Protein chains: 2
Amino acid sequence: MSSPSSSPAADASASRPPERNTRQRAAVSRALDELDDFVSTQELHRILTERGERVSLATAYRVLQSMADDGRVDVLRAADGEAVYRRCEVSVHHHHLVCRVCGKVVEVQAPAIESWAERIAAENGFTAVEHTVEVFGLCPRCSAERR
Amino acid sequence: MSSPSSSPAADASASRPPERNTRQRAAVSRALDELDDFVSTQELHRILTERGERVSLATAYRVLQSMADDGRVDVLRAADGEAVYRRCEVSVHHHHLVCRVCGKVVEVQAPAIESWAERIAAENGFTAVEHTVEVFGLCPRCSAERR
DNA sequence: TTCACTGCAAATGCTTTGCAGCGCC
DNA sequence: GGCGCTGCAAAGCATTTGCAGTGAA
């Protein structure tokens with residue numbers, strides 16, 4: 001998901017120009033460190049703006065994209081197609097049970113999933129594994145209203 | 001994402017207005033029957049047009065969306081955020097192991113995940129469950145290049 | 001000094017919507 | 001006939017990009 005199939009740059013950071021240390025990149029990186037969940041570029045930009053950090057939306061897009069290309073952040077697609085990012089190696093790992101009608105969210109643990117992901121990745125020779133599991137459905141209340 | 005091995009048309013849409021049998025809906029449905037893979041609305045529209053089936057793009061979007069709402073098709077998000085659809089109950093449900101550098105994808109089975117999702121949803125009173133599982137890491141080749 | 005990085009605004013491309021006419025039930 | 005369904009064109013939105021100015025190395 002980081003780099004779509006057709007991407008010619010299969011050899012990651014092979015011959016890419018050096019990266020400069022700018023105020024904007026530092027701000028994005030810092031904000032990601034403080035966030036546990038996935039955020040869209042729009043959300044991250046709003047957060048930065050509210051903090052008084054001046055980073056243009058276009059730059060936020062460019063920074064997050066370059067971080068994703070280097071594998072410094074994980075990328076997912078929200079249900080509505082918006083791209084959402086999260087710093088890798090997150091601390092407290094958990095998953096979400098989300099009501100697709102009212103949006104209610106329940107955090108759930110899944111030790112079984114963790115080991116499954118590790119095993120299946122190993123079987124296919126993958127390393128530096130991360131995973132995301134989202135379960136959608138109708139919460140008790142919305143289930144009742146549908147009836 | 002796609003409903004596990006549960007009942008297909010589980011809850012017949014509560015109190016939604018009846019659905020009419022139109023040439024356009026039939027054309028979309030027929031086209032989906034003949035397709036094994038996921039297709040975006042744009043692709044489906046192009047296919048219909050090439051066949052001489054006159055269905056506007058807006059209608060294609062509306063029909064696919066209503067089918068998705070009723071659970072008659074599964075919806076996924078392509079890497080670029082485009083929504084892709086596939087008729088349900090066809091192929092086996094599976095998940096993806098994705099390389100975050102080169103984008104390589106390996107399809108994997110996860111019967112354990114299916115039952116786990118069902119169980120955890122039930123424990124919280126959720127119904128009409130669906131889930132998304134994304135596992136990323138570095139594929140064998142990219143793992144080696146990073147060394 | 002060099003050239004990657006930024007901001008801004010215009011441009012993309014997928015998806016949604018307002019409206020008026022059409023045709024299934 | 002009523003009203004859901006269509007087509008068309010006009011938005012909406014997230015995301016990308018051209019360009020010229022700015023600043024890190």
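Predicted model, so just to flag it, every value in this text is computed and none were measured.
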Qualifying residues under side-chain hydrogen bond (donor to acceptor under 3.5 Å, both in side chains), relative to Q65(A), sequence neighbours excluded | none
Output all residues satisfying side chain to side chain contact (heavy atoms under 4.5 Å, CB included) with R25(A), sequence neighbours left out; order by chain, then residue number.
-> E19(A), T22(A), V63(A), S66(A)
Report the end-to-end axis angle of the helix from dT1(C)-dA25(D) to dC25(C)-dG1(D); each axis comes from five terminal pairs, and the value is rounded to 10°.
-> 40°
Positions of residues 40-57 of chain A (non-hydrogen atom under 4.0 Å from DNA chain C), listed by number = R54(A), V55(A), S56(A)
Under 4.0 Å between a Lys/Arg side-chain N and an Asp/Glu carboxylate O for R51(A) and E34(A)?
-> yes
Look at the rings of H131(A) and H95(A) and say which category their plane angle falls in: under 30° parallel, 30 to 60° tilted, over 60° perpendicular.
-> tilted
For dC24(C), take OP1 and OP2 only and decide whether either is under 4.0 Å from a side-chain N or O of R25(B).
-> no
Whole Å only: how far is the CD atom of Q24(A) from the P atom of dC8(C)?
-> 11 Å
Would you kindly give the CG-to-C1' distance between D80(B) and dT15(D), to the nearest whole Å?
-> 11 Å
Do NZ/NE/NH1/NH2 and the carboxylate oxygens of D37(A) and R86(A) come within less than 4.0 Å?
-> no
Can you list the residues that meet the side-chain hydrogen bond (donor to acceptor under 3.5 Å, both in side chains) rule with Q42(B), with sequence neighbours excluded?
-> Y61(B)
Taking atom types as modelled, find out whether S40(B) and E82(B) have a side-chain donor-acceptor pair closer than 3.5 angstrom.
-> yes
Salt bridge flag under 4.0 Å for residues R30(A) and E53(A) | yes
Give the B/S/- string for nucleotides 17-25 of chain D, one per nucleotide from 5' to 3', where a protein heavy atom under 4.0 Å of the base yields B, of only the sugar-phosphate yields S, and otherwise -.
-> BB----BBS
N/O donor-acceptor pair under 3.5 Å between R72(B) side chain and S29(B) backbone = no
In whole angstroms, the gap separating P of dC5(D) from CG of D69(B) amounts to 12 Å
Check whether any side-chain N or O of T49(B) sits under 3.5 Å from a backbone N or O of H45(B) as a donor-acceptor pair, and report yes or no.
-> yes
